[in-house]
2 protein chains.
Amino acid sequence: MNLTKAWGILKENGFKETTKRNQILEIFEGDERYLTARDILDVMQKDYPSMSYDTVYRNLATFVSLDILEATELSGEKHFRMHCESDHHHHHFICMDCGKIKEIPLCPMDLLGAALPAYEIDNHKFEIYGKCPDCK
Amino acid sequence: MNLTKAWGILKENGFKETTKRNQILEIFEGDERYLTARDILDVMQKDYPSMSYDTVYRNLATFVSLDILEATELSGEKHFRMHCESDHHHHHFICMDCGKIKEIPLCPMDLLGAALPAYEIDNHKFEIYGKCPDCK
DNA sequence: TTTTCCAATAAGAATGATTACGATTTACTA
DNA sequence: TAGTAAATCGTAATCATTCTTATTGGAAAA
């Protein structure tokens with residue numbers, strides 16, 4: 001997702017255009033890896049030494065709720081990255097060295113079909129972890 | 001997995017048979033849900049009011065490293081349950097109401113085959129979340 | 001442009017899970 | 001039964017995240 005589209009979504013939902021908010025989005029636009037709240041704060045504090053954790057966490061939560069960012073839990077910490085452009089549902093290979101991802105077009109839920117008829121399925125998680133060709 | 005098998009593994013690896021360790025395993029043997037460290041401590045402190053967090057976390061880590069317990073991250077907390085008996089690799093549906101699980105025999109990695117030839121695949125996670133028939 | 005209002009932010013304290021550590025106790029071995 | 005290393009206790013420290021109150025800043029209206 002790019003900045004323009006992200007701001008379209010934010011404006012539609014009544015969020016104000018602030019410089020901090022914009023700069024956080026710029027970081028994600030320029031980095032395809034999964035980043036933590038601390039990663040964001042570290043970069044932001046170069047320009048805004050007084051930047052607060054609260055601002056980072058609040059904005060990350062906003063972005064995730066609007067599907068601008070996607071989140072996942074890696075070794076006990078929440079990680080975030082720009083939501084994929086792809087309009088079809090997919091999953092990710094995640095490189096545990098460099099953090100870069102590769103889209104996996106397959107979704108195991110397609111194959112489960114009616115295997116769980118009596119169950120209410122709300123969500124699912126499928127991720128592959130390892131090393132990408134560059135880090136291998 | 002049952003207590004006997006768990007103690008077999010522990011003894012093989014030189015771990016001592018302590019009453020606390022045994023009682024933690026008994027809790028897991030009698031509960032098919034995913035439990036947190038706090039859940040364990042709460043139950044244990046009925047019998048041992050001085051039970052320490054350190055003891056709980058240390059033993060949980062030991063059990064996971066020996067594949068006696070399996071662990072997963074649910075809403076920011078580590079959860080543990082007895083390792084499944086099934087000798088074939090499988091995944092889980094997890095009920096977010098009661099915490100009970102259902103085994104899913106399918107593994108998406110089987111279907112990926114050689115789809116990621118240049119990648120080193122170390123691990124993967126596939127879990128389905130929702131409500132079981134009883135909670136629905 | 002200026003005023004006004006409410007969302008957004010700063011600063012730091014609070015929380016909650018997890019880990020660490022020195023002192024003490026316990027399980028096994030000889 | 002005594003010796004020894006592992007296990008546990010009691011508590012403090014750490015780390016990510018959330019909360020709270022006061023202040024600031026964006027944008028709509030005057």
Side-chain angles (χ1 to χ4, degrees), chain A residues 3 6-27 34-66 68-69 71-81 99, chain B residues 3 6-27 34-66 68-69 71-81 99:
Chain A
L3 267 185
W7 274 117
I9 296 170
L10 283 163
K11 287 298 179 64
E12 269 173 33
N13 288 274
F15 289 92
K16 292 180 180 173
E17 184 166 354
T18 69
T19 54
K20 311 264 168 76
R21 198 167 262 162
N22 193 59
Q23 199 153 336
I24 293 175
L25 287 173
E26 280 175 354
I27 294 169
Y34 274 102
L35 305 173
T36 64
R38 166 165 290 278
D39 292 334
I40 298 300
L41 188 66
D42 286 348
V43 176
M44 293 294 291
Q45 283 190 335
K46 287 174 190 162
D47 290 333
Y48 307 95
S50 67
M51 183 89 177
S52 161
Y53 260 120
D54 189 62
T55 303
V56 175
Y57 278 107
R58 183 168 21 74
N59 280 306
L60 291 177
T62 299
F63 297 155
V64 169
S65 74
L66 296 174
I68 291 168
L69 295 184
T72 192
E73 191 100 23
L74 298 173
S75 54
E77 271 182 274
K78 283 181 191 159
H79 287 64
F80 305 85
R81 71 185 302 277
Chain B
L3 267 185
W7 274 117
I9 296 170
L10 283 163
K11 286 296 179 66
E12 269 173 34
N13 288 275
F15 288 93
K16 293 181 179 172
E17 184 167 354
T18 69
T19 54
K20 311 268 167 75
R21 200 167 261 163
N22 194 57
Q23 199 153 336
I24 293 175
L25 287 173
E26 280 177 354
I27 295 169
Y34 273 103
L35 304 173
T36 65
R38 166 165 289 278
D39 292 333
I40 299 301
L41 188 67
D42 286 348
V43 176
M44 293 294 291
Q45 284 190 334
K46 287 174 189 162
D47 291 331
Y48 308 96
S50 68
M51 182 90 178
S52 162
Y53 261 120
D54 189 60
T55 302
V56 175
Y57 278 107
R58 182 168 23 74
N59 279 308
L60 291 177
T62 298
F63 297 155
V64 169
S65 75
L66 296 174
I68 292 169
L69 295 184
T72 192
E73 191 100 22
L74 297 173
S75 55
E77 271 181 274
K78 283 181 192 160
H79 287 64
F80 304 85
R81 71 186 300 279

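Below, read A as the first sequence line, B as the second, and so on, with proteins coming before strands; counting in each chain starts at 1.
In this structure, B:Glu17 atom CD and C:dT26 atom P are separated by 16 Å, rounded to whole Å. Protein atom CG of A:Leu10 is 13 Å distant from nucleotide atom C1' of C:dA7, rounded to whole Å. Rounded to whole angstrom, the span from the CD atom of B:Glu77 across to the P atom of D:dT17 amounts to 13 Å. Look at CZ on B:Phe15: it is 15 Å from C1' on D:dT8, rounded to the nearest Å. Nucleotide C:dA7 holds its C1' atom 17 Å from the CG atom of A:Asn22, rounded to whole Å. B:Asp54 places its CG atom 16 Å from the C1' atom of C:dT26, with the value rounded to the nearest Å. Between the P atom of D:dG26 and the CG atom of A:Asn59 lies a distance of 14 Å, rounded to the nearest Å. The CZ atom of A:Arg21 sits 10 Å away from the P atom of D:dA27 (whole-angstrom rounding).
In this structure, A:Tyr53 does not reach the D:dT17 phosphate: none of its side-chain N or O atoms is under 4.0 Å from OP1 or OP2. For D:dT8, one of the phosphate oxygens OP1 or OP2 lies less than 4.0 angstrom from a side-chain nitrogen or oxygen of B:Thr18. Distances shorter than 4.0 Å separate none of the side-chain N or O atoms of B:Lys20 from OP1 or OP2 on C:dT26. Checking the phosphate oxygens (OP1, OP2) of C:dA11, a side-chain nitrogen or oxygen of A:Ser50 falls inside 4.0 Å.
Rounding to the nearest 0.5 Å places OH of B:Tyr57 at 8.0 Å from CG of B:Leu60. With rounding to the nearest 0.5 Å, the separation of CE in B:Met44 from CD1 in B:Ile24 is 5.0 Å.
Within 4.0 Å of A:Arg58, counting heavy atoms only, lies at least one base atom of the nucleic acid. Counting any heavy atom pair closer than 4.0 Å across all strands shown, B:Ser52 reaches a base atom.
When each of B:Gly76 and B:Thr19 is assigned the nucleotide of DNA chain C bearing its nearest heavy atom, the one mapping closer to the 5' terminus is B:Gly76.
Side-chain atoms of B:Arg21 come within 3.5 Å of backbone atoms of B:Lys16 as a donor-acceptor pair (strictly under, hydrogens ignored).
Of all nucleotides listed (C:dT19, C:dC28, D:dC9), C:dT19 comes nearest to the side chain of B:Tyr57. Distances were taken from every side-chain heavy atom of A:Lys11 (C-beta onward) to each of D:dT8, C:dA10, D:dA27; the shortest belongs to D:dA27. Checking C:dA8, D:dT18, D:dA7 against every side-chain atom of A:Lys78, the shortest atom distance belongs to D:dT18.
Between the side chains of B:Asn22 and B:Thr19, not a single donor N or O lies within less than 3.5 Å of an accepting N or O.
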Side chain to side chain donor-acceptor pair (under 3.5 Å) between A:Thr36 and A:Asp39, worked out: CA-CA 5 Å; A:Thr36 64; A:Asp39 292 334; 3.2 Å; yes

